[in-house]
There are 2 protein chains.
Amino acid sequence: MKPQPARRSSPGVPRCERCTLHARCLPLGLELDALHSFEAIIQVPQALKRGQALVRQGEPFENLYVVRSGSLKQSVAQPGQRDQVTHFYLPGEVVGLDAIGEAECHGSVVALESAFVCELPFTRLEDLAEQLPELRGQLYRCMSRELRRDQRMMCLLSGRTADQRLASFLLGLSERFRARGFSPFCFRLSMSRSDIANYLGLALETVSRVLARFQEQGTIAVAGREMTLLDIESLEGLAREGVGLRGVN
Amino acid sequence: MKPQPARRSSPGVPRCERCTLHARCLPLGLELDALHSFEAIIQVPQALKRGQALVRQGEPFENLYVVRSGSLKQSVAQPGQRDQVTHFYLPGEVVGLDAIGEAECHGSVVALESAFVCELPFTRLEDLAEQLPELRGQLYRCMSRELRRDQRMMCLLSGRTADQRLASFLLGLSERFRARGFSPFCFRLSMSRSDIANYLGLALETVSRVLARFQEQGTIAVAGREMTLLDIESLEGLAREGVGLRGVN
DNA sequence: CGGGGATTTGAGGTATATCAATGGCCGTGG
DNA sequence: CCACGGCCATTGATATACCTCAAATCCCCG
């Protein structure tokens, strides 16, 4: 059974021009009429409630989605293993790139809070991309950006301490919020400690402890899911911090 | 200064039709004349010696490369951190996908042994892809395959023990060799223990010890870089093995 | 045949997982 | 409105996998 997100709501055809994410979204850099062609393929936005699935692992791949508001997480189930959280998606980010050219979605994507997403049928998007070099470029760019994000993640998981992982995680979120016009210093974590731990390859208790320590040191202030970064420099110091652990030779 | 790989050697224009990798390579599925157009943009193959760089981090992105023979590794340097090995490339695999749509290469790629690569100027490839939907599809497929590979890697780094990482690593190599027509049971590791350790997020001593233990248990036979997988099932058992460690709740 | 990197092996320390119990938050229902 | 229950988060105590340091040996290459 397909997830049945509410297909109501929202002002009929979306208008990218008016969207606050315009400057960060997929159609970035399109000419005006190109933009209108692009808008034409966007389906009526979907509303998701917390915990609701946008795509389920194994479903046939049909659409990309752009997050309009709210946030989501992707997790991948592997046989005999625990689920692994692989992504958090914020507004303006594209869901589904890792399934392009594949038959099925290779991870489930679930809303972490109430969210809206724009649905883009991929075949139509591809047809359009055929005519619009700009759009093609944007697609490539999004995919390779994701590749690099994943690689940075691999670096993080590979060689860093719990402190460094958390610091990088917080800085990464901060940066993404800043880019979207939100405060980079003060934001709400829409994911649970358990999600964070899973994402960073730590035990949830460790996440809790490290955050507590950061707080003691005056680096952050955290109350439940409300996060305030007090000393970005310290965090950057931690994140950048050379080696020490898990060095190879 | 650009790396200056020997531009001699090899039979003038390469012939994909005759290439043993034909069935696994980028131009897979192209019609005959499309294939010829594709061949036309391939530069004279480059020969690389062990340790020689194919691309250096930060260089402007201009080409994709397909490995013809030999193997290479990609590593990414991050400020204040040790280099991180992010990939090993085997024949038929495409180097440079993570830089598409970007100005510069975001990692260095170095030959682990004598190697040949086909050079594909990306702008010309893109022009060609504009006319060949098949080729476009292949490009997408390669990129998303890479995305998924990276994600599997993240899972591996995130939640698994050293034994599981090594087992997965060996099985992964085995599978890739099999797919290329080499023996999946008996092969030569072209990378050092240190590279493996770095790639897997372990200390090099740990790699050595785990391999020794696998050998004691009769799962593998290893002598220096010559590797024989004796008991694939055991390895798969290890790799798949549920949880235990680093579980999240 | 010699030298230097690569690999192996050993001993000890530590970061982090695991187990366990408590405390806080929030939505639900009386 | 308050009480209840479940989930989420915190905190402590303990176990352990893996890193680090150190030294010996192997092997490749000149």
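FYI, side chains are in, hydrogens and waters are out, and symmetry mates aren't considered; it's all heavy atoms of this structure. Please read these numbers as outputs of a predicted model, since none were measured by experiment. Below, chain A is the first sequence line, B the second, and so on; all start at residue 1.
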To the nearest Å, how far apart are [X] [atom1] and [N] [atom2]?
| X | N | atom1 | atom2 | value |
| --- | --- | --- | --- | --- |
| A:Glu226 | C:dG24 | CD | P | 19 Å |
| B:Leu202 | D:dT16 | CG | P | 20 Å |
| A:Arg193 | D:dT11 | CZ | P | 11 Å |
| B:Leu204 | C:dA6 | CG | P | 10 Å |
| B:Leu200 | D:dC18 | CG | C1' | 14 Å |
| B:Asn198 | C:dA6 | CG | P | 13 Å |
| A:Leu211 | C:dG24 | CG | P | 18 Å |
| B:Gln215 | C:dT7 | CD | C1' | 13 Å |

Heavy-atom closest pair, residues B:Thr86 and B:Tyr199: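 For B:Thr86 versus B:Tyr199, the nearest heavy atoms are O-CE1, 3.4 Å.
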Is there a side-chain contact between B:Thr206 and the phosphate of D:dC18, meaning an N or O under 4.0 Å from OP1 or OP2?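 Indeed not, no polar side-chain atom of B:Thr206 lies that close.
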Does C:dA6 have OP1 or OP2 sitting under 4.0 Å from an N or O in the side chain of B:Ser192?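 For C:dA6, neither OP1 nor OP2 has a side-chain N or O of B:Ser192 closer than 4.0 Å.
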Does the C:dT8 base have a donor-acceptor partner in the side chain of B:Arg225 within less than 3.5 Å?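 Side chain to base: no pair present.
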With distance as the sole criterion, do the side chain of A:Arg209 and the base of C:dT18 form a donor-acceptor contact below 3.5 Å?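 Under the 3.5 Å cut-off, the side chain and the base do form a donor-acceptor pair.
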Does the distance from a Lys or Arg side-chain N to an Asp or Glu carboxylate O, for A:Arg188 and A:Glu113, drop under 4.0 Å?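 The answer is no: the pair does not qualify as a salt bridge.
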So, A:Glu175 and A:Arg178, do they make that salt bridge, N to O below 4.0 Å?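 Yes, charged N to carboxylate O under 4.0 Å.
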Using atom types as modelled and distance alone, determine if a side-chain donor or acceptor of B:Asn198 lies under 3.5 Å from a backbone N or O of B:Asp83.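 Yes; judged by distance alone, with no hydrogens or angles, the pair exists.
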When you get a sec, tell me which of [options] is the closest nucleotide to the side chain of [X]?
| X | options | value |
| --- | --- | --- |
| A:Ser208 | D:dC29, D:dA9, C:dT7 | D:dA9 |
| B:Glu205 | D:dC21, D:dT10, C:dA17 | D:dC21 |
| B:Ala203 | D:dC19, D:dA9, C:dT16 | D:dC19 |

Sequence neighbours left out, what passes salt bridge (Lys or Arg N to Asp or Glu O under 4.0 Å) with B:Arg225? Give chain and number order.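 Once residues adjacent in sequence are excluded, B:Arg225 has no partner under the salt bridge (Lys or Arg N to Asp or Glu O under 4.0 Å) criterion.
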Residue whose closest nucleotide on DNA chain C lies nearer the 5' end, A:Asp163 versus B:Met191: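 Whichever sits nearer the 5' end wins; that is B:Met191.
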With DNA chain D as reference, determine whether B:Arg213 or B:Arg50 sits nearer its 5' end, using the nearest nucleotide of each.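 It is B:Arg213 whose nearest nucleotide is closer to the 5' end.
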